[in-house]
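Reminder, nothing fancy here: chain letters follow the sequence lines and each chain counts from 1.
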Protein chains: 2
Amino acid sequence: MQTAVREKIESFLKTKGLRRTVQRDAIIAAAFGTTDHFTAEDLLDMARKKERSVSRATVYRTLPLLVESGLLRELDLGRDQQYYDPNFIERPHHNHLICLDCDRIVEFEDLHMDVLENCITKRLGFTPAVKMIRIEATCEQLRTTGSCPNLTRRSRRSSRNPR
Amino acid sequence: MQTAVREKIESFLKTKGLRRTVQRDAIIAAAFGTTDHFTAEDLLDMARKKERSVSRATVYRTLPLLVESGLLRELDLGRDQQYYDPNFIERPHHNHLICLDCDRIVEFEDLHMDVLENCITKRLGFTPAVKMIRIEATCEQLRTTGSCPNLTRRSRRSSRNPR
DNA sequence: TTAAATGCAAATTATTTGCAGAAGC
DNA sequence: GCTTCTGCAAATAATTTGCATTTAA
C-alpha cells in the first residue's frame with residue numbers, strides 16, 4: 001500500500017474519530033494491497049492472512065466505513081454479491097467493461113465521456129456526484145480467431161461462503 | 001400494455017416454448033402495465049391485483065425469463081433489492097440519473113454518449129452488448145431555492161417484505 | 001396424456017445485529 | 001475508566017428450491 005493511500009486513510013480515521021485496531025489495520029491493508037475487485041468474503045480471506053483474529057462481522061462493519069470515506073467503491077457487476085473496487089484512489093474516474101466471454105473486467109477512463117456526463121447532468125438540472133458506466137461486451141478476438149486472449153487471465157471466481 | 005409490446009412477449013414465449021398460464025399473463029401484464037421501476041415484491045403485489053392466485057415463487061421464476069428475453073432489464077439502484085425497469089422496450093438506450101436529494105430517478109437518452117460508448121468498446125477490442133450509465137446527482141434547485149421540485153413526486157418506497 | 005408450471009413451505013445465503021468481553025485512548 | 005471495537009452466534013431478509021398437485025397443449 002502506498003504512502004499517499006495510507007495517509008488518506010489515516011486522516012479519514014482521525015476525522016471520523018475512529019480507533020485504530022489490529023483488525024481494521026489488517027482489513028484496510030488487505031483492501032488496498034490489491035488492485036483486484038473483491039467481495040466481503042474475499043476481503044475476509046485476505047485480511048485473515050495478515051491477522052488471524054479478523055472476523056467476518058468486522059469486515060462487514062468496516063466496509064461501509066471505507067465506502068463512506070470515498071476510498072473504496074461499491075461495484076455493480078450484476079452478480080449476486082456486492083463487489084468492491086479499491087482503484088478509485090488512483091483513478092477516480094474509471095469505468096468498467098465486463099467481458100461476457102471470460103468475465104474479465106477491463107477498467108478504462110475517458111475524458112470525453114466524463115465531460116459529456118457532466119453536461120447531461122447539468123442540462124437536467126442536477127450537479128453530478130457519483131458517475132458510473134458499465135459496459136458488457138463480447139471479445140472481438142474470440143469471434144474472429146476462436147480464442148479469447150482474456151481466458152488466460154480468467155478472473156478469479158470466489159468459492160461459496162463456507163460458513 | 002401496448003399491442004407491439006404484447007406481440008414481442010407472445011413471440012418470446014412461443015420461441016422459448018413456454019406455456020401461457022393465467023399467472024404468467026398477470027405477471028407480464030403487471031410488469032409492462034407500468035412505467036415505474038419495481039422490485040420482485042412490488043411486482044407480486046401488482047400481479048395479484050390482476051390475478052389472486054399469483055405466488056411469490058412464480059414471480060421469482062418469471063422475472064429471469066423476462067430479463068433473458070431482453071424485454072425487462074435489471075436495474076442497479078445501489079439499494080439492497082434488485083429493481084427492474086420495463087421501459088427498455090420503448091427506449092432501448094436510456095440511462096438513469098438518481099437524485100440524492102429525493103431519490104427520484106430521471107431517465108435520459110443521449111446519442112453522443114451512446115456513440116462514444118461504442119467507440120471506446122471497439123477501441124478496447126470488444127463488441128458492445130449491454131451498456132448502462134448511472135449518475136447520482138444532487139438537485140440544483142434545492143441548492144439554490146431550498147426546495148426540491150422532485151420532492152413533490154417522491155418515488156415510492158416499498159414496505160418491508162411481510163412474509 | 002404428459003411435460004411444464006404452480007403454490008407452499010422449507011432451504012439457502014449474503015448481510016446485519018445483540019451481547020458480553022477486550023482493548024484503544 | 002470509559003467508550004469504542006471485537007468475535008461469536010443468532011437473526012434477518014431476499015431469493016431459490018423440492019415436492020406434490022394442477023394445468024396447458
Could you pull out the protein-nucleic contacts involving nucleotides 17-19 of chain D (nitrogen or oxygen on both sides, under 3.5 Å)?
residue: D:dG18; atom: O6; partner: B:Arg61; partner atom: NH2; Å: 2.8

Whole-Å distance separating the [atom1] atom of [X] from the [atom2] atom of [N]:
{"X": "A:Leu13", "N": "C:dG24", "atom1": "CG", "atom2": "P", "value": "14 Å"}
{"X": "A:Asp80", "N": "D:dA13", "atom1": "CG", "atom2": "C1'", "value": "15 Å"}
{"X": "A:Gln81", "N": "D:dT16", "atom1": "CD", "atom2": "P", "value": "13 Å"}
{"X": "A:Arg56", "N": "C:dA14", "atom1": "CZ", "atom2": "C1'", "value": "10 Å"}
{"X": "B:Glu51", "N": "C:dT6", "atom1": "CD", "atom2": "C1'", "value": "12 Å"}
{"X": "A:Arg24", "N": "D:dC5", "atom1": "CZ", "atom2": "P", "value": "4 Å"}
{"X": "A:Leu65", "N": "C:dT16", "atom1": "CG", "atom2": "P", "value": "12 Å"}
{"X": "A:Gln82", "N": "C:dT16", "atom1": "CD", "atom2": "P", "value": "10 Å"}

Next item on the list: Scan B:Arg91, B:Arg73, B:Arg134 and name whichever one has a salt bridge (Lys or Arg N to Asp or Glu O under 4.0 Å) with B:Glu107.
Entry: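 When B:Arg91, B:Arg73, B:Arg134 are each tested with B:Glu107, the salt bridge (Lys or Arg N to Asp or Glu O under 4.0 Å) holds only for B:Arg91.
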Next item on the list: Please check if the distance between the ring centroids of A:His96 and A:His37 is under 6.0 Å.
Entry: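 Distance test on ring centres: under 6.0 Å, yes.
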Notebook entry, point to check: Is the side chain of A:Asp101 donor-acceptor paired with the backbone N or O of A:Cys139 at a distance under 3.5 Å, no angle test?
Noted result: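 Confirmed, A:Asp101 side chain pairs with A:Cys139 backbone.
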Please enumerate all residues that pass salt bridge (charged side-chain N to carboxylate O under 4.0 Å, His left out) together with [X], with sequence neighbours excluded.
{"X": "B:Glu90", "value": "none"}
{"X": "A:Glu51", "value": "none"}
{"X": "A:Glu10", "value": "A:Arg20"}

Notebook entry, point to check: Transitive ILVMFWY cluster of B:Met132 at side-chain heavy atoms under 4.5 Å: who else is in it?
Noted result: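 B:Met132 clusters with A:Met132.
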Check: Where along residues 15-22 of chain B does a heavy atom come under 4.0 Å from DNA chain C, residue by residue in number order?
Finding: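 Correct list: B:Leu18, B:Arg19, B:Thr21.
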Check: What is the ring orientation for B:His94 with B:Phe88, classed by angle as parallel under 30°, tilted 30 to 60°, or perpendicular over 60°?
Finding: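 Correct class here is parallel.
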Note to self: Surrounding NZ of A:Lys8 (heavy atoms of other residues, nucleotides or ligands, distance under 6.0 Å), is the total greater than 12?
What the structure shows: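 Atom NZ in A:Lys8 is not packed in, count stays at 12 or less.
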